[in-house]
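Everything on this sheet refers to the single structure shown next.
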There are 2 protein chains.
Amino acid sequence: MSDHAKQSLPHLRTRNDHSTELAEDYVEAIAEIAASHGSCRVVDLAKHFGVSHVTVNRTVGRLQNEGLVKTEPYKPVGLTAKGARLAVRCRERHEIVYQFLLAIGVDPQTAAIDAEGIEHHVSPATLRCFVNWSKTNASIS
Amino acid sequence: MSDHAKQSLPHLRTRNDHSTELAEDYVEAIAEIAASHGSCRVVDLAKHFGVSHVTVNRTVGRLQNEGLVKTEPYKPVGLTAKGARLAVRCRERHEIVYQFLLAIGVDPQTAAIDAEGIEHHVSPATLRCFVNWSKTNASIS
DNA sequence: ACAGAATTGTAGCCACAGCTACAATCTACA
DNA sequence: TGTAGATTGTAGCTGTGGCTACAATTCTGT
Ligand SMILES: [Mn+2]
Ligand SMILES: [Mn+2]
Ligand SMILES: [Mn+2]
Ligand SMILES: [Mn+2]
């Protein structure tokens with residue numbers, strides 16, 4: 001590989017992470033809201049993310065095209081099998097990142113905020129290291 | 001604060017992080033390239049980030065409007081005092097995140113890639129925890 | 001049943017960040 | 001000194017993700 005290709009590789013990965021970030025947060029939120037409220041409405045997602053219902057509407061439409069969510073006009077938003085699988089993976093990863101931040105001494109509120117952005121940039125290899133160190137610290141304390 | 005405001009706070013922070021991410025990466029790259037090559041040209045940045053020179057051009061123009069970089073037509077790209085200060089902070093934070101990932105056992109290549117995305121979502125409080133744990137692990141090994 | 005409130009959908013605006021194609025300028029070498 | 005190649009600038013396209021304003025639909029309480 002050329003020198004500048006090595007330099008640009010991290011940025012390419014970061015841009016790719018961002019292109020899938022919204023889908024990951026949406027399926028995770030839809031699963032959570034559906035579990036706690038019985039169903040997930042557009043307005044629930046708008047409140048959850050702090051955006052207008054219009055933004056939610058367009059995003060849900062795109063996720064439906066990608067086969068992650070299923071919805072009909074004026075009906076709740078649900079996950080496809082594919083979307084539900086992605087939601088589980090994202091929920092697990094999110095929880096690992098959050099628990100890891102707690103384990104190294106970050107306060108819960110800051111950990112919750114930082115984890116929401118960090119989670120999408122944590123590769124499987126780094127995630128394994130997070131799990132190990134959370135275990136280690138848990139056994140210490 | 002209302003319940004859903006608490007829920008949306010992390011996402012608001014993440015969106016804010018992303019709005020400043022490009023500026024942070026650019027000033028950091030301009031400082032590095034200028035230090036190693038003597039001057040930083042548009043084409044250097046294009047290679048560094050793996051994007052076209054057009055994208056670099058527009059971004060540099062926006063950063064100039066924000067008072068972070070200084071450039072003239074067909075001349076190298078330089079940092080203002082404000083941009084140089086931001087570059088130092090970003091470089092330090094980037095290095096802390098990278099060294100922390102190494103300290104918890106992530107391989108160097110993965111650490112370099114993940115750090116490029118993670119750095120922008122690490123709050124000062126979390127950064128302090130990273131520093132502490134890097135020190136601890138350094139004294140152990 | 002129906003009026004008003006809540007929810008959802010649509011039209012159209014913006015900024016950002018990527019791109020190709022082409023024009024202009026500068027640099028280096030024959 | 002010219003000119004070919006490298007570099008930079010410009011025009012204009014795309015997709016994404018935010019918004020307001022307004023329309024349509026559904027839900028709810030009297
Ligand atoms: Mn999440
Ligand atoms: Mn997230
Ligand atoms: Mn970065
Ligand atoms: Mn990010």
Side-chain angles (χ1 to χ4, degrees), chain A residues 2 4 8-27 29-30 33-34 37-66 68-78 116-117 120, chain B residues 2 4 8-27 29-30 33-34 37-66 68-78 116-117 120:
Chain A
S2 66
H4 62 265
S8 62
L9 234 178
H11 297 286
L12 294 171
R13 241 285 307 275
T14 300
R15 290 199 295 272
N16 191 68
D17 291 343
H18 287 160
S19 75
T20 56
E21 174 165 342
L22 209 56
E24 293 174 350
D25 281 338
Y26 264 68
V27 295
I30 291 167
I33 293 170
H37 287 55
S39 78
C40 178
R41 312 292 316 207
V42 167
V43 68
D44 297 322
L45 291 169
K47 285 173 186 166
H48 179 85
F49 291 115
V51 298
S52 74
H53 81 277
V54 183
T55 299
V56 171
N57 227 338
R58 186 167 23 66
T59 302
V60 165
R62 188 164 58 80
L63 297 184
Q64 190 165 25
N65 286 342
E66 295 173 8
L68 292 171
V69 314
K70 187 68 185 159
T71 186
E72 290 170 75
Y74 299 98
K75 292 283 176 63
V77 181
E116 196 59 68
H120 310 281
Chain B
S2 67
H4 62 265
S8 62
L9 235 179
H11 297 287
L12 294 171
R13 242 283 308 273
T14 299
R15 290 199 296 272
N16 190 67
D17 291 343
H18 287 160
S19 75
T20 56
E21 173 164 343
L22 210 57
E24 294 174 349
D25 281 338
Y26 265 67
V27 295
I30 292 168
I33 293 170
H37 288 56
S39 78
C40 178
R41 313 289 319 207
V42 168
V43 68
D44 298 321
L45 291 168
K47 284 172 186 167
H48 180 86
F49 291 114
V51 299
S52 74
H53 80 278
V54 184
T55 299
V56 171
N57 228 337
R58 187 166 24 66
T59 302
V60 166
R62 189 164 58 80
L63 297 185
Q64 191 165 25
N65 287 342
E66 295 174 7
L68 292 172
V69 313
K70 186 68 185 160
T71 185
E72 290 171 74
Y74 299 98
K75 292 284 177 63
V77 181
E116 196 59 67
H120 310 281

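Reminder, nothing fancy here: chain letters follow the sequence lines and each chain counts from 1. Just so we're clear, the structure is a prediction, and the values are computed from it rather than from any experiment.
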Identify every side-chain donor-acceptor pair in residues 19-26 of chain A under 3.5 Å, counting partners at least two apart or on other chains, and give the distances.
| from | atom 1 | to | atom 2 | distance (Å) |
| --- | --- | --- | --- | --- |
| A/Ser19 | OG | A/Asn16 | O | 2.7 |
| A/Thr20 | OG1 | A/Asp17 | O | 3.1 |
| A/Glu24 | OE1 | A/Arg93 | NH2 | 2.9 |
| A/Glu24 | OE1 | A/His120 | ND1 | 2.6 |
| A/Asp25 | OD1 | A/His120 | NE2 | 3.2 |
| A/Asp25 | OD2 | A/His120 | NE2 | 3.3 |

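- Dashed line: the shortest gap from a side-chain N or O of A/Arg41 to OP1 or OP2 of C/dA6 is not under 4.0 Å.
- Checking C/dC19, D/dG18, D/dT8 against the side-chain heavy atoms of A/Leu22 singles out D/dG18 as nearest.
- For the pair A/Arg62 CZ and D/dT16 C1', the computed distance is 7 Å after rounding to whole Å.
- In terms of the side chain to side chain donor-acceptor pair (under 3.5 Å) criterion, B/Gln64 has no residue partners (sequence neighbours excluded).
- Looking at the side chain of A/Val54, the nearest of the listed nucleotides D/dG12, D/dA21, D/dG17 is D/dA21.
- When the nucleotides D/dT26, D/dT8, C/dC19 are ranked by their closest atom to the side chain of B/Thr55, C/dC19 comes out on top.
- In this structure, the nucleotide among D/dT20, C/dG18, C/dT20 sitting nearest to the side chain of A/Arg15 is C/dG18.
- Summarising the geometry of A/Thr71 relative to A/Lys75, their closest heavy-atom pair is OG1-O, 3.5 Å, with the distance given to 0.1 Å.
- Between A/Tyr74 atom OH and D/dT26 atom C1' the separation is 8 Å, expressed in whole Å.
- In this structure, B/Glu72 places its CD atom 16 Å from P of C/dT25, rounding to the nearest Å.
- Regarding B/His18, its NE2 atom lies at a distance of 11 Å from the P atom of D/dG18, rounded to whole Å.
- Where stacking is scored as ring centres under 5.5 Å apart with planes under 30°, A/His53 does not register as stacked on the base of C/dT7.
- When the side-chain nitrogen and oxygen atoms of B/Thr59 are compared with OP1 and OP2 of C/dA17, none of them lie within a distance under 4.0 Å.
- Rounded to whole Å, the distance from CD on A/Glu21 to P on D/dG18 is 10 Å.
- Taking the nucleotide of DNA chain C with the nearest heavy atom to each of A/Val43 and B/Pro73, the more 5' of the two is matched to A/Val43.
- Closest approach of B/Ser8 and A/Phe49 over heavy atoms only: CB-C, 3.7 Å.
- Side chain of B/Arg58, nearest nucleotide from C/dC19, D/dG18, C/dT8: C/dC19.
- Straight-line distance from the CD atom of B/Gln64 to the C1' atom of D/dG9: 14 Å, rounded to whole Å.
- Atoms CG and NE2, on B/Leu45 and B/His48 in that order, are 7.5 Å from each other to the nearest 0.5 Å.
- One finds a side-chain N or O of A/Asn57 lying less than 4.0 angstrom from the OP1 or OP2 phosphate oxygen of C/dG9.
- Distance NE2 (A/His37) to P (C/dT7): 11 Å, rounded to an integer number of Å.
- Comparing D/dT7, C/dG18, D/dT16 by their closest approach to the side chain of B/Val51 singles out C/dG18.
- Of the side-chain N and O atoms in A/Ser52, none sit less than 4.0 angstrom from OP1 or OP2 of D/dG18.
- Computed from coordinates, the A/Asp17 CG to C/dA17 P distance equals 17 Å when rounded to whole Å.
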